[in-house]
Participant: 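Sharing a structure here in structure tokens format.
Throughout, protein chains are lettered first and strands after them, A, B, ... in sequence-line order, and every chain is numbered starting at 1.
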Amino acid sequence: MTYNFKNIEKKWQKRWLEAKAFKADDKSKKPKFYQLETFPYPSAEGLHVGHPKGYIAEDVHARYMRMKGREVLYSIGWDAFGLPTENYAIKVGKNPKEVAAANIKNFKRQVQMFGLSYDWEREINTSDPEYYKWTQWLFIQLYKKGLAYRAKAKVNWCPSDMTVLANEQVVQKDGKNVCERCKSEVVQKDMEQWFLKITDYAERLLSDLKNLDWPEATIKRQKDWIGKSEGALLKFSLVKVPGQPDRKHSVEVFTTRPDTLFGATFLVVSPELAQKWIDVGWQTSEEVREYIRKSLGKKELDRLENQKDKTGVFTGVYAVNPGNKEEIPVWLSDYVLGSYGTGAIMAVPGHDERDFEFAKKFELPIKMVICPHYPAKTCPVLDEAYPGEGHLVDSGKFDGVDSEKARWEITKEMEGEKKVQYKIRDWSVSRQRYWGVPIPMTHCVKCGIQPVAEKDLPVVLPDLEDYRPKGKPPLAGSKEFIKTKCPKCGGEAEREPETLDTFVDSSWYYLRYTDPKNTAEIFDKKKVNHWMPVNLYVIGAEHTVLHLLYSRFITKFLHDEGHLNFEEPFLKLRHVGLIRGSDGQKMSKSRGNVVNPDTLIEEFGADAFRVYEMFMGPFEDGQPWDPQGVIGTERFLERARKLFEKGVAEGEAEKKFNSLVHKTIKKVGEDISGLGFNTAISALMILLNDAEKQEKLPKTFCETFLKLLHPFAPHMTQELWEGLGNKDYITFAEWPEFDSKLIKDEFFNLVIQVNGRVRDTVEVGAGISAAEAEKLALGREKVLAYLKGAKPKKVIFVPGRLINLVI
RNA sequence: GCCGAGGUGGUGAAAUGGCAGACACGCCAGCUUUAGGAGCUGGUGCUCGCAAGGGCGUGCGGGUUCAAAUCCCGCCCUCGGCACCA
């Protein structure tokens, strides 16, 4: 009899689906457990073997949690809007809607063949008007609170495709930034854009990180991205501005080291700030204007390039250092950014590496004002900047003050103010593309920008004959779409033709799973607060910043609006390690190392595939795909299945074997909870190896074994479960309990060391005492040979493990 | 440059102070088979040795300890991220 996994897997998948076996019950009395995985972007290529690793892990965990008596919410949806689909549609000359539908169909077929235990009743799709109605609603709420606004900003512009590109769509080629699709060089352009004011939440996004069970590296990257710096704003009055009266003007700088003020030997302003000066009528040299023109024409990326080779020009303006009243020159350089701080800095070359390089290049004075060797009165100028802490020197009345203390003292004395700066910028959400959520706004000549009335949502994305990008949003070309009435005055108005960044769609999908069919509200408050927050989120490490930060922002916003009673959406987060091609490289079509799961499932079955992906190695590490690997787990399952052909025996299992069974129950449970799937499977293999040597296998063992294996190989274990005469689903059977008495060994192998080297082992009773062990060891022939008649100086006894005789 | 993760057999790995290499893949030998990309049994870190047995061994160098893959110090390499944020 051969095991027809194809039919059996299909049979159970069909039954599970029809019985709605994995429906998450809102009203269940059991404690809830919400598991989440990144909902897929349904691409035209379909899944490769790397994609399901995270899904399978979640499924194993979900099945385990159900058996442990939890009501598990575990669902799937489709992040269906966005550029890859749109670009693919353009390429094949089809409508993105059709392409997306076909892609979803294929993805659905693929995820279903893995036997994943989703609650399909909760399936969602971001391109469905029933879903994006609430994305639009969310945008309007943000707008009403002043958190969505329109402003001019630099965007990536592809002159050939005549469209704005997302940062992710700009790729590097021969040192240039080019359009991912047409490879023409991208330029930066100032355009009006919609922004979400995530910067308002910077402090909370930072401080709430401390309560999360997330990988440390991910927390750190979010912190770095938010980039908090505490410092001060200091004012420098300006003298000798050509064509301007003395000391009428001033410039403010942001610094994290006000304690180094007396070492500021020049100021540097950004090209953006210098341009502002010119705009208000200050006179400058042609050299300065040329420098501004050049650097403002550069893209930010290019400006960051030649870091080591600093450029700049003297502006002709001088400032007064408010500390020592010295007149210092004001320089212009693109190493100072217009978009951070005040766009101007005080340069302290003695204590800042960048200022040091600049001073060296333009032969500007370098002064040391922080000395690590107190009580030295002066400090020699070093051949590199000294950024550390110490005591102040050459700083007037602050001489000798501890640098950390001096920060605030100097700020106060100079009438500066404490200031906190963040690197994080507001979130640009406008896309001049077709395949996305229409931004629910109108432009009225009389009333200006007005949000669409909530009762008129959704603003449906219309079908367009020609949706290709042409330099302005494709929706702008549709007269029927654009023409509307102003929601405020009822007069003629135009709709906003831009669409939303797909990161907006995905910033709240996990909330919708809790109440996916609600047509009256974004979600029911009771339901969302019952299921949320997410107990376990498995997500790729590439999402450490954007999606996770946006989701946290939106959650906090909805909390502040009174819709949620929690502030953090994802309590525990783990990253899935990437499966690489068998060549060790990242899987990609261009490398030709992509492995398709369809053929593997066809050949080995979903169970063998699942077990292999979980057995490959530590879940959070990446491994190369081994084409031989599935054969190994297929063998394992086949041998397990054969075990059941022997039939079930009456009575008890042999004592030692039974002890192993209980150890395995403990280990598999602990390992699944800790996502240590590889070692859980290895424990099951060890158990099987031993079980095969047993004369008889009682029913209790058989059922236990199936339960332990079930999360990994759900189809086969369900089939065998039925074969044992069970009528119910094994999925809802109770996870076995281990007996801690049975786990304790009666005997163990005592390791005998001489000077830390293993010389002998002997089986002894578990309770052996130090004295007994020593006596035993000293009676062993092998041991005596190494002792050479010497008496041990020291004896170390580790109960249950070893004895070490030191001579 | 800075930050993070990591470096253990031919391969994926296990062991988080206590017998390094569990469990698998691959390979070798044998059995079985008309046949095998099937199954079963045994072997498989390197090295000396006919063997018994010994020596060496977790990127490199040092240290702590009765005992180190594991802890500490210094260095090298690989991968990932950030990159003039004052």
Side-chain angles (χ1 to χ4, degrees), chain A residues 215-218 220-221 223-225 227-229 231 253-257 260 264 268 270 300-301 303-308 310 333-337 339-348 351-355 357-358 387 421-425 541-542 544-545 575 577-578 580 582 584 586 611-612 615-618 620-633 635-636 638-639 642 676 678-689 692 749-761 782 785 792-807:
Chain A
E216 211 142 308
T218 304
K220 201 183 167 298
R221 276 167 67 182
K223 274 187 189 163
D224 290 349
W225 186 268
K228 181 180 181 175
S229 301
V253 303
F254 172 70
T255 177
T256 53
R257 294 294 301 268
T260 64
V268 188
S270 61
E300 220 166 299
L301 269 164
R303 251 172 90 167
L304 302 181
E305 250 170 34
N306 303 314
Q307 283 183 33
K308 288 287 148 194
K310 298 235 168 348
S333 173
D334 64 7
Y335 86 88
V336 174
L337 306 174
S339 51
Y340 183 80
T342 62
I345 61 153
M346 65 176 206
V348 186
H351 304 283
D352 182 280
E353 212 184 309
R354 297 148 301 179
D355 299 344
E357 279 162 29
F358 194 83
Q421 279 285 338
Y422 300 91
K423 284 189 210 173
I424 190 172
R425 311 283 166 84
E542 69 275 19
T544 50
V545 180
H575 295 304
L578 216 65
R580 299 184 300 272
S582 35
K586 195 174 164 177
V611 175
Y612 175 58
F615 183 61
M616 286 177 83
E620 293 183 76
D621 292 355
Q623 292 88 20
W625 182 259
D626 178 1
Q628 298 290 330
V630 193
I631 294 172
T633 53
R635 260 179 223 162
F636 163 65
E638 183 59 18
R639 279 169 43 212
K642 278 204 176 129
N678 56 329
T679 46
I681 291 166
S682 135
L684 287 167
M685 286 172 168
I686 292 168
L687 181 61
L688 175 66
N689 290 346
E692 282 174 333
N749 274 318
L750 178 74
V751 170
I752 305 170
Q753 297 181 334
V754 177
N755 283 342
R757 320 226 354 152
V758 180
R759 296 306 181 189
D760 202 2
T761 63
K782 281 184 192 168
K793 283 191 297 210
K794 198 173 174 183
V795 178
I796 285 118
F797 176 69
V798 184
R801 286 197 189 269
L802 60 80
I803 183 162
N804 187 10
L805 308 173
V806 185
I807 53 169

Participant: For B:C19, does OP1 or OP2 lie under 4.0 Å from any side-chain N or O of A:Asn749?
Facilitator: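 A:Asn749 to B:C19 OP1/OP2: no side-chain N or O under 4.0 Å.
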
Participant: Going from CD on A:Glu638 to OG1 on A:Thr633, what distance comes out if it is rounded to the nearest 0.5 angstrom?
Facilitator: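 Reported to 0.5 Å precision, the distance equals 12.0 Å.
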
Participant: Return whichever of A:Asn689 or A:Pro624 has its heavy-atom-nearest nucleotide of RNA chain B closer to the 5' end.
Facilitator: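 Nearest nucleotide further toward 5': that of A:Pro624.
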
Participant: Examine distances only and state if a side-chain atom of A:Asp355 and a backbone atom of A:Val348 form a donor-acceptor pair shorter than 3.5 Å.
Facilitator: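 Yes, A:Asp355 side chain to A:Val348 backbone: donor-acceptor pair under 3.5 Å.
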
Participant: Taking only the P atom of each, what is the distance from B:G36 to B:C28 in whole angstrom?
Facilitator: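 After rounding to an integer number of Å, I get 14 Å for this pair.
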
Participant: Write out a two-atom table: protein N or O, nucleotide N or O from nucleotides 63-68 of chain B, distance below 3.5 Å.
Facilitator:
{"unit_1": "B:C66", "atom_1": "OP1", "unit_2": "A:Lys794", "atom_2": "NZ", "d": "3.1"}
{"unit_1": "B:C66", "atom_1": "O2'", "unit_2": "A:Asn804", "atom_2": "ND2", "d": "3.3"}
{"unit_1": "B:C66", "atom_1": "O2", "unit_2": "A:Asn804", "atom_2": "ND2", "d": "2.5"}

Participant: Determine whether any donor atom in the side chain of A:Lys310 lies under 3.5 Å from an acceptor atom in the base of B:C84, or the reverse, and answer yes or no.
Facilitator: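 A donor-acceptor contact between them is present.
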
Participant: Quick check on B:G9: syn or anti? Syn means the glycosidic torsion is within 90 degrees of zero.
Facilitator: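 It is syn.
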
Participant: To the side chain of A:Gln623, which of B:C56, B:G81, B:G12 is closest?
Facilitator: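 The answer is B:G12, which lies nearest to the side chain.
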
Participant: From the list B:A22, B:G4, B:G55, which nucleotide is the closest neighbour of the side chain of A:Ile686?
Facilitator: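 In terms of side-chain proximity for A:Ile686, the closest of B:A22, B:G4, B:G55 is B:A22.
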
Participant: In the structure shown, which nucleotide is the Watson-Crick or G-U wobble counterpart of B:G12, with both distances under 3.5 Å?
Facilitator: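 Looking at the geometry, B:G12 pairs with B:C23.
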
Participant: Determine which nucleotide pairs with B:G17, using a 3.5 Å limit on both distances of a Watson-Crick or G-U wobble pair.
Facilitator: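 Answer to the pairing question: none, since B:G17 forms no Watson-Crick or G-U pair.
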
Participant: Using atom P in both nucleotides, what's the gap between B:U65 and B:G1 to the nearest angstrom?
Facilitator: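 To the nearest whole Å, 37 Å.
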
Participant: Would you say the side chain of A:Trp625 lies within less than 4.5 Å of the side chain of A:Tyr612, judging by non-hydrogen atoms?
Facilitator: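 Counting from C-beta outward, A:Tyr612 and A:Trp625 do come under 4.5 Å.
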
Participant: Of all heavy-atom pairs between A:Ser582 and A:Pro627, which one has the smallest distance, and what is that distance?
Facilitator: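 Nearest heavy atoms, A:Ser582 then A:Pro627: CB-CD, 4.3 Å.
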
Participant: Give me the distance, rounded to whole Å, that separates B:G7 from B:U58 when you measure between the C1' atoms they each carry.
Facilitator: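 Straight-line distance between the two C1' atoms is 9 Å.
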
Participant: When the P atoms of B:U70 and B:G62 are compared, how many Å lie between them, rounded to an integer?
Facilitator: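 After rounding to an integer number of Å, I get 14 Å for this pair.
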
Participant: Mind checking whether A:Thr256 and A:Gln421 have side chains closer than 4.5 Å, heavy atoms only?
Facilitator: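 In short, these two side chains do not touch, never coming nearer than 4.5 Å.
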
Participant: For A:Leu688 and B:A22, what is the distance between atoms CG and C1' respectively, to the nearest whole Å?
Facilitator: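 Those two atoms, CG and C1', are 16 Å apart.
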
Participant: When you get a sec, tell me which of B:A86, B:C56, B:C23 is the closest nucleotide to the side chain of A:Ile345?
Facilitator: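 Nearest to the side chain of A:Ile345 among the choices is B:A86.
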
Participant: Look through every strand shown and name the nucleotide pairing with B:C2 as Watson-Crick or G-U wobble, where both distances are under 3.5 Å.
Facilitator: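 Partner of B:C2: B:G81.
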
Participant: Determine the contact category for A:Lys423: base if any of its heavy atoms lies under 4.0 Å from a base atom, sugar-phosphate if only primed atoms, P, OP1 or OP2 are that close, otherwise nothing.
Facilitator: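 The residue A:Lys423 makes base contact.
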
Participant: Which base sits across from B:C71 as a Watson-Crick or G-U pair, both distances under 3.5 Å?
Facilitator: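 Pairing partner, where one exists within any strand: B:G63.
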
Participant: Who is the Watson-Crick or G-U wobble partner of B:U41, with both distances under 3.5 Å?
Facilitator: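 Across all strands, the one nucleotide that pairs with B:U41 is B:A29.
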
Participant: When the distance from CD of A:Glu638 to P of B:A38 is rounded to whole Å, what number comes out?
Facilitator: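 It works out to 13 Å between those atoms.
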
Participant: Whether A:Arg757 contacts B:C56 is assessed here as follows: a side-chain N or O lying under 4.0 Å from the phosphate OP1 or OP2. Is that the case?
Facilitator: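 So the side-chain polar atoms of A:Arg757 do come within 4.0 Å of the phosphate oxygens OP1 or OP2 of B:C56, strictly under.
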
Participant: Within the distance-only criterion (no hydrogens, no angle test), does the side chain of A:Gln623 pair as donor or acceptor with the backbone N or O of A:Pro618 below 3.5 angstrom?
Facilitator: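 Yes.
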
Participant: In whole Å, what separates the P atom of B:G59 from that of B:G30?
Facilitator: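 It works out to 37 Å between them.
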
Participant: Which one, B:C23, B:A86, B:G26, comes nearest to the side chain of A:Gln628?
Facilitator: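 Among B:C23, B:A86, B:G26, the one nearest the side chain of A:Gln628 is B:G26.
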
Participant: Starting the side chain at C-beta, find the nucleotide from B:A86, B:C3, B:C19 nearest to A:Leu337.
Facilitator: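 In terms of side-chain proximity for A:Leu337, the closest of B:A86, B:C3, B:C19 is B:A86.
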
Participant: Taking only side-chain N and O atoms of A:Thr679, does any of them lie within less than 4.0 angstrom of OP1 or OP2 on B:C23?
Facilitator: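 A:Thr679 to B:C23 OP1/OP2: no side-chain N or O under 4.0 Å.
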
Participant: Looking for any heavy atom pair under 4.0 Å, which part of the strands does A:Arg580 touch: base, sugar-phosphate only, or nothing?
Facilitator: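 Nothing, no heavy atom under 4.0 Å.
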
Participant: In this structure, how many angstroms lie between the C1' atom of B:C84 and the CD atom of A:Glu353, rounded?
Facilitator: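 Rounded to whole Å, this separation is 10 Å.
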
Participant: Give A:Val758 one of three labels, base, sugar-phosphate or nothing, depending on what nucleic acid heavy atoms sit under 4.0 Å from its own.
Facilitator: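 Sugar-phosphate: the residue A:Val758, judged by heavy atoms under 4.0 Å, touches backbone atoms but no base.
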
Participant: So does A:Tyr340 get a side-chain nitrogen or oxygen closer than 4.0 Å to the phosphate oxygens (OP1/OP2) of B:A86?
Facilitator: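 Checking B:A86 against A:Tyr340, a side-chain N or O does come within under 4.0 Å of OP1 or OP2.
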
Participant: Measure OH/A:Tyr422 against P/B:A86 and give the value in whole Å, please.
Facilitator: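 In whole Å, B:A86 P lies 13 Å from A:Tyr422 OH.
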
Participant: Rounded to whole angstrom units, what separation is found between the CD atom of A:Glu357 and the C1' atom of B:C84?
Facilitator: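 Interatomic distance, CD of A:Glu357 to C1' of B:C84: 9 Å.
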
Participant: By nearest atom, which of the nucleotides B:C19, B:A13, B:C3 is closest to the A:Lys220 side chain?
Facilitator: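 Looking only at heavy atoms from C-beta outward on A:Lys220, the closest nucleotide is B:C3.
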
Participant: So A:Phe615, base contact, sugar-phosphate only, or nothing? Heavy-atom distance under 4.0 Å.
Facilitator: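 Base contact.
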
Participant: At 4.0 Å (heavy atoms only), tell me whether A:Gly227 reaches a base, stays on the sugar-phosphate, or touches nothing.
Facilitator: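 A:Gly227: no heavy atom of the nucleic acid under 4.0 Å.
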
Participant: Return the value, rounded to whole Å, for the distance between atom OH of A:Tyr612 and atom C1' of B:G12.
Facilitator: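 Atom-to-atom, A:Tyr612 to B:G12, this comes out as 7 Å.
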
Participant: Closer than 3.5 angstrom, by distance alone: can the side chain of A:Asp352 be matched with the main-chain N or O of A:Ala347 as a donor-acceptor pair?
Facilitator: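 Answer holds: no.
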
Participant: For A:Gly622, which contact category applies under a 4.0 Å heavy-atom criterion: base, sugar-phosphate, or nothing?
Facilitator: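 Touches sugar-phosphate only.
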
Participant: Can you check the distance between B:A68 and B:U78, where both ends of the measurement are the P atom (answer in whole Å)?
Facilitator: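 Straight-line distance between the two P atoms is 30 Å.
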
Participant: If I compare all heavy atoms of A:Lys586 with all of A:Leu578, which pair ends up nearest, and what's the gap?
Facilitator: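 Closest approach of A:Lys586 to A:Leu578, heavy atoms only: CG-CD2, 4.0 Å.
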
Participant: Given B:G4, B:A38, B:A86, identify the nucleotide with an atom nearest to the side chain of A:Arg635.
Facilitator: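 My answer, after comparing the listed nucleotides, is B:A38.
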
Participant: Counting only Watson-Crick or G-U wobble pairs whose two distances fall under 3.5 Å, which nucleotide matches B:C50?
Facilitator: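 The base-pairing partner of B:C50, which may sit in any strand shown, does not exist here.
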
Participant: On a whole-Å scale, what distance lies between the C1' atoms belonging to B:A69 and B:C60?
Facilitator: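 Between the two C1' atoms, the distance is 14 Å.
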
Participant: Can you tell me, in whole Å, how much space there is between the P of B:C25 and that of B:G42?
Facilitator: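 Between the two P atoms, the distance is 14 Å.
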
Participant: In whole angstrom, what separates A:Trp625's CH2 from B:C25's P?
Facilitator: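 Roughly 15 Å, once rounded to whole Å.
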
Participant: Measure CZ/A:Arg639 against C1'/B:C25 and give the value in whole Å, please.
Facilitator: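 About 14 Å, once rounded to whole Å.
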
Participant: How are the rings of A:Phe254 and A:Tyr340 set relative to one another: parallel (under 30°), tilted (30 to 60°) or perpendicular (over 60°)?
Facilitator: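 If you compare the ring of A:Phe254 with that of A:Tyr340, the planes turn out perpendicular.
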
Participant: About how many Å separate CD of A:Glu357 and OH of A:Tyr335, when rounded to the nearest 0.5 Å?
Facilitator: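 The CD atom of A:Glu357 is 9.0 Å from OH of A:Tyr335, to the nearest 0.5 Å.
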
Participant: Between A:Val798 and A:Ala344, who's closer to the 5' end of RNA chain B by nearest nucleotide?
Facilitator: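 Looking at RNA chain B, the more 5' nearest nucleotide goes with A:Val798.
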
Participant: Can you name the side-chain hydrogen bond (donor to acceptor under 3.5 Å, both in side chains) partners of A:Thr218, sequence neighbours left out?
Facilitator: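 Result, side-chain hydrogen bond (donor to acceptor under 3.5 Å, both in side chains) vs A:Thr218: A:His575.
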
